[in-house]
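Data first, discussion second: the structure below is written as structure tokens.
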Amino acid sequence: MVLIWGSNFSIVKVALRDFPELAFNAMRMAVGSAVFLSAILLTRDRSAPRPALTRRDWTELFFLGAVGTFLYQLCFVAGVGRTSVGNSSLIIGVQPVVIALMSAVAGHERITPMRWVGILIALCGLYVVVGHDIDLSGTTWRGDALMIAAVICWSLFSVAAQPILKRHSPLIVIGLAFSIGGALYVITTLPILVGLNWRGVSAFSWSMMLISALFSLNLSYWIWYTGLKKLGGSRTSVYTYLTPIIAIAVAAVWLGEPIARNQVAGAGAIFAGLLITRFVS
């Protein structure tokens with residue numbers, strides 16, 4: 001999952017050279033929704049029917065789709081465009097801590113002292129990686145606020161999904177929740193999509209959009225939900241600390257962006273924190 005999400009930064013960066021942000025994201029979500037719904041239909045086993053979805057289930061799925069897909073994507077895309085890369089990376093990197101706190105408050109899992117140590121070490125490593133580029137001036141506060149909102153949306157989405165995952169498979173939960181959020185996103189951005197000059201989007205950018213949709217949305221979201229079900233929120237979310245490391249490595253090879261010393265040092269701390277969180281109880 002982190003290999004895909006880390007690589008996705010460079011894929012999106014290349015595609016957005018001629019593919020407007022909101023339209024790019026709307027198309028990604030339309031493709032992702034179609035794939036998820038097709039997978040649900042194709043994996044249906046008539047001899048062993050899935051548990052029926054109750055009114056409570058549909059209410060939870062709508063909430064997950066509205067918060068974890070629709071609102072998260074709106075806040076994330078808008079925030080990235082209004083703040084620096086350093087600010088957005090560090091703010092998104094706080095997600096594991098927020099998820100751990102929400103999971104503990106909700107009573108889903110208990111965070112041991114050593115896991116807290118691992119989370120804090122990894123967070124310090126993330127700061128070393130991106131902290132040198134942080135801009136805390138007042139010109140970026142709107143973007144920072146949107147990124148904080150995105151973190152809250154994704155964290156709430158990850159914690160709120162755990163009860164329904166005990167009743168239904170990850171494919172059903174993510175497929176339906178994502179499709180609901182994707183539909184809300186496409187409907188909201190429809191005026192922009194109608195007025196867009198689609199001929200200005202190259203075939204290469206279309207291919208990047210498809211790759212991003214199939215891997216960073218379909219495959220990675222399914223992996224994320226499976227992790228939530230089998231590992232819990234705090235242990236799954238800590239793996240996202242690795243995403244900046246993968247992103248930096250892929251950008252260096254593909255886009256020619258240099259790797260700084262602070263990035264190497266921060267990567268070591270992130271790996272140390274991940275190992276503590278994963279293997280020390």
Side-chain angles (χ1 to χ4, degrees), residues 1 4-5 25-26 28-41 43-44 50-79 92 94-109 146-189 213-240:
M1 179 189 72
I4 295 170
W5 278 349
N25 223 17
R28 279 202 321 151
M29 296 174 74
V31 171
S33 298
V35 171
F36 274 131
L37 293 177
S38 298
I40 290 174
L41 292 175
T43 57
R44 182 175 54 182
R50 297 181 175 114
L53 291 166
T54 64
R55 180 177 297 180
R56 174 191 173 189
D57 292 333
W58 281 111
T59 301
E60 291 183 20
L61 288 170
F62 183 85
F63 175 80
L64 293 173
V67 174
T69 302
F70 174 61
L71 289 178
Y72 171 76
Q73 291 291 344
L74 279 179
C75 292
F76 180 81
V77 173
I92 287 295
V94 177
Q95 278 178 174
V97 176
V98 178
I99 291 174
L101 287 171
M102 288 186 177
S103 294
V105 171
H108 293 166
E109 53 188 299
L146 286 166
M147 295 305 297
I148 292 172
V151 168
I152 294 173
C153 287
W154 184 262
S155 302
L156 186 60
F157 153 82
S158 298
V159 175
Q162 293 181 50
I164 194 173
L165 284 169
K166 296 178 181 178
R167 304 190 298 272
H168 299 281
S169 70
L171 177 60
I172 291 294
V173 175
I174 185 54
L176 295 178
F178 185 91
S179 299
I180 291 170
L184 292 172
Y185 192 99
V186 172
I187 291 172
T188 302
T189 59
L214 295 174
F215 287 93
S216 72
L217 295 183
N218 290 123
L219 181 57
S220 294
Y221 268 58
W222 176 78
I223 293 173
W224 179 266
Y225 264 90
T226 302
L228 290 178
K229 185 170 185 175
K230 296 183 178 296
L231 300 177
S234 62
R235 183 166 282 189
T236 300
S237 63
V238 79
Y239 283 92
T240 60

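The figures here come from the full heavy-atom set of this structure, side chains too, leaving out hydrogens, waters and symmetry mates. As the structure is a computational prediction, the values presented were derived from the model and not from experiment.
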Determine whether Leu219 and Leu214 make a side-chain contact, defined as any pair of heavy atoms from C-beta on separated by less than 4.5 Å.
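No. Closest side-chain heavy atoms not under 4.5 Å.
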| Under a 4.5 Å cut-off applied to non-hydrogen side-chain atoms, are Leu64 and Ile164 in contact? |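 When only atoms from C-beta onward are counted, Ile164 and Leu64 do touch, with a gap below 4.5 Å.
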Work out which heavy atom in [X] is nearest to a heavy atom in [Y]; give both atom names and the distance.
| X | Y | value |
| --- | --- | --- |
| Tyr225 | Ala161 | CE2-CB, 3.6 Å |
| Thr69 | Ala177 | OG1-O, 4.1 Å |
| Gly32 | Asn218 | O-ND2, 2.9 Å |
| Leu231 | Thr236 | CB-OG1, 3.5 Å |
| Cys153 | Val67 | O-CG1, 3.4 Å |
| Pro170 | Leu165 | CA-CD2, 3.8 Å |

Output the distance between atom [atom1] ([X]) and atom [atom2] ([Y]), rounded to the nearest 0.5 Å.
| X | Y | atom1 | atom2 | value |
| --- | --- | --- | --- | --- |
| Leu228 | Ile99 | CG | CD1 | 7.5 Å |
| Arg44 | Ile172 | CZ | CD1 | 10.0 Å |
| Lys229 | Ser169 | NZ | OG | 6.5 Å |
| Ile40 | Leu176 | CD1 | CG | 4.0 Å |
| Phe36 | Met29 | CZ | CE | 11.0 Å |
| Thr226 | Ile174 | OG1 | CD1 | 9.5 Å |

Between Thr59 and Thr54, is a side-chain contact (heavy atoms from CB on, under 4.5 Å) present by the stated rule, with each step listed? CA-CA 9 Å; Thr59 301; Thr54 64; over 6 Å; no
(request) Would you mind checking if Arg55 and Glu60 are paired as a salt bridge, meaning a charged N to carboxylate O distance below 4.0 Å? (result)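 Between Arg55 and Glu60 there is no salt bridge, as every charged N stays at least 4.0 Å from the carboxylate O atoms.
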Would you please indicate if the ring centroids of Tyr221 and Phe178 are separated by under 6.0 Å?
->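 Yes - the distance between ring centres of Tyr221 and Phe178 falls below the 6.0 Å cut-off.
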Name the orientation class of the two ring planes belonging to Phe70 and Tyr185 (parallel below 30°, tilted from 30 to 60°, perpendicular beyond 60°).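 Perpendicular, since the angle between the ring planes exceeds 60°.
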Parallel, tilted or perpendicular: which one describes the rings of Trp5 and Trp154, with boundaries at 30° and 60°?
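Trp5 vs Trp154 ring planes: perpendicular.
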>> I'd like to know if the side chain of Arg28 pairs up with that of Ser216 as donor and acceptor (distance under 3.5 Å, no hydrogens or angles considered).
In response: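 Yes, because at least one side-chain N or O of Arg28 sits under 3.5 Å from a partner of the opposite role on Ser216.
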Q. Taking the side chain from Ser220 and the backbone from Phe215, do they hold a donor-acceptor pair closer than 3.5 Å?
A.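 Judged by distance alone, yes, a pair lies under 3.5 Å.
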side-chain contact (heavy atoms from CB on, under 4.5 Å) between His168 and Arg50: does it pass, once the steps are laid out?
CA-CA 8 Å; His168 299 281; Arg50 297 181 175 114; over 6 Å; no
